[in-house]
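A quick write-up on the structure given underneath.
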Amino acid sequence: VTETNQGQAVSVFDYTRSGIVFTFQRAPTFDAIFPTVCPASVGGTELTITGTGFINSETLSCRFSNTTLVPAVWVESTRILCTTPAMVLDPGSKTVEVSHNRQQFFLSANNSAPLSVQKVA
């Protein structure tokens, strides 16, 4: 809601009749994953994901190849940790997404930080 006085905005505020509080959080951005390679189907590889805007929350998470969701560990606003799940993945490049709320997921800028899954000999 914007209040105006003679056509000039004097205050801006948001409210709901129910009293529910909404918090706006900017989308996280990330640009690197380390290590960039993990074994197929084994799981348990700890990944360090770096970027900006990571928020320490109970719902901070990573999603692998648009299917498997795992909790993330917040280290600081520019770094989180995710452990690859035990899952059957075909070798190749896989997407990694980050979410603050387990509802909206974000890829790295231009998907520039894919994870390479390799067959274990």
Side-chain angles (χ1 to χ4, degrees):
V1 174
T2 303
E3 294 182 8
T4 60
N5 182 8
Q6 298 177 359
Q8 299 293 320
V10 292
S11 65
V12 177
F13 58 94
D14 296 324
Y15 68 94
T16 64
R17 288 183 188 188
S18 65
I20 296 172
V21 177
F22 293 92
T23 302
F24 173 78
Q25 298 172 339
R26 294 192 185 279
T29 60
F30 67 99
D31 51 21
I33 296 175
F34 181 81
T36 58
V37 177
C38 76
S41 75
V42 176
T45 301
E46 185 177 83
L47 303 176
T48 299
I49 299 175
T50 58
T52 60
F54 298 126
I55 295 173
N56 188 7
S57 74
E58 293 179 10
T59 55
L60 182 64
S61 53
C62 295
R63 184 167 68 179
F64 295 86
S65 291
N66 204 29
T67 58
T68 306
L69 186 67
V70 298
V73 175
W74 184 86
V75 178
E76 58 188 340
S77 65
T78 59
R79 185 168 40 128
I80 62 173
L81 306 174
C82 288
T83 301
T84 59
M87 60 183 164
V88 178
L89 283 178
D90 294 326
S93 182
K94 306 300 176 188
T95 60
V96 178
E97 300 167 288
V98 173
S99 176
H100 284 146
N101 60 13
R102 297 185 186 143
Q103 300 295 316
Q104 294 134 336
F105 292 86
F106 303 93
L107 289 166
S108 62
N110 300 318
N111 196 22
S112 60
L115 180 64
S116 178
V117 176
Q118 297 184 348
K119 188 175 181 180
V120 177

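Residue pairs meeting the disulfide (SG to SG under 2.5 Å) criterion with at least one member in residues 41-82, sequence neighbours excluded: C62-C82. Legend: salt bridge (charged side-chain N to carboxylate O under 4.0 Å, His left out) pairs involving residues 57-73, not counting sequence neighbours, sorted by first then second residue: R63-E97. Applying the salt bridge (charged side-chain N to carboxylate O under 4.0 Å, His left out) test to residues at least two apart or on different chains, none of the pairs has a partner in residues 64-75.
Residues passing the side chain to side chain donor-acceptor pair (under 3.5 Å) test with S61: none are found, sequence neighbours excluded. Legend: residues meeting salt bridge (charged side-chain N to carboxylate O under 4.0 Å, His left out) with R102, ordered by chain and number and at least two apart, are absent. Residues that satisfy the side chain to side chain contact (heavy atoms under 4.5 Å, CB included) test with F106, not counting sequence neighbours, are A27, P28, Q104. T29 is linked by a side chain to side chain donor-acceptor pair (under 3.5 Å) to T52, counting only residues two or more places apart in sequence or in another chain. Considering only residues two or more places apart in sequence or on other chains, P71 meets the side chain to side chain contact (heavy atoms under 4.5 Å, CB included) condition with none of them. A search for salt bridge (charged side-chain N to carboxylate O under 4.0 Å, His left out) contacts involving E76 returns R79, not counting sequence neighbours.
Side-chain N or O atoms of T78 include none that pairs as donor or acceptor with a backbone N or O of T50 at under 3.5 Å.
F64 approaches V70 most closely through the heavy-atom pair CE1-CG2, 3.5 Å. The minimum heavy-atom distance linking L107 with F30 is given by the pair C-CE2, 3.5 Å. Considering all non-hydrogen atoms of both residues, I49 and F54 come closest at O-CE1, 3.8 Å.
Put simply, F105 and L60 are part of two different groups of oily side chains (I, L, V, M, F, W, Y) that touch within less than 4.5 Å, one to the next. Under a hydrophobic-cluster definition in which Ile, Leu, Val, Met, Phe, Trp and Tyr are linked whenever side-chain heavy atoms come within less than 4.5 Å, directly or via other members, V96 and W74 are assigned to the same cluster.
Residue L81 shares its hydrophobic cluster (ILVMFWY side chains chained together at separations under 4.5 Å) with V73, V75. Cluster partners of I55 are absent, since no Ile, Leu, Val, Met, Phe, Trp or Tyr has side-chain heavy atoms less than 4.5 Å from it.
Residues P39 and T45 form a side-chain contact, since some pair of their non-hydrogen atoms from C-beta on lies under 4.5 Å apart.
Atom NZ of K94 is separated from atom OG1 of T67 by 9.0 Å, given to the nearest 0.5 angstrom.
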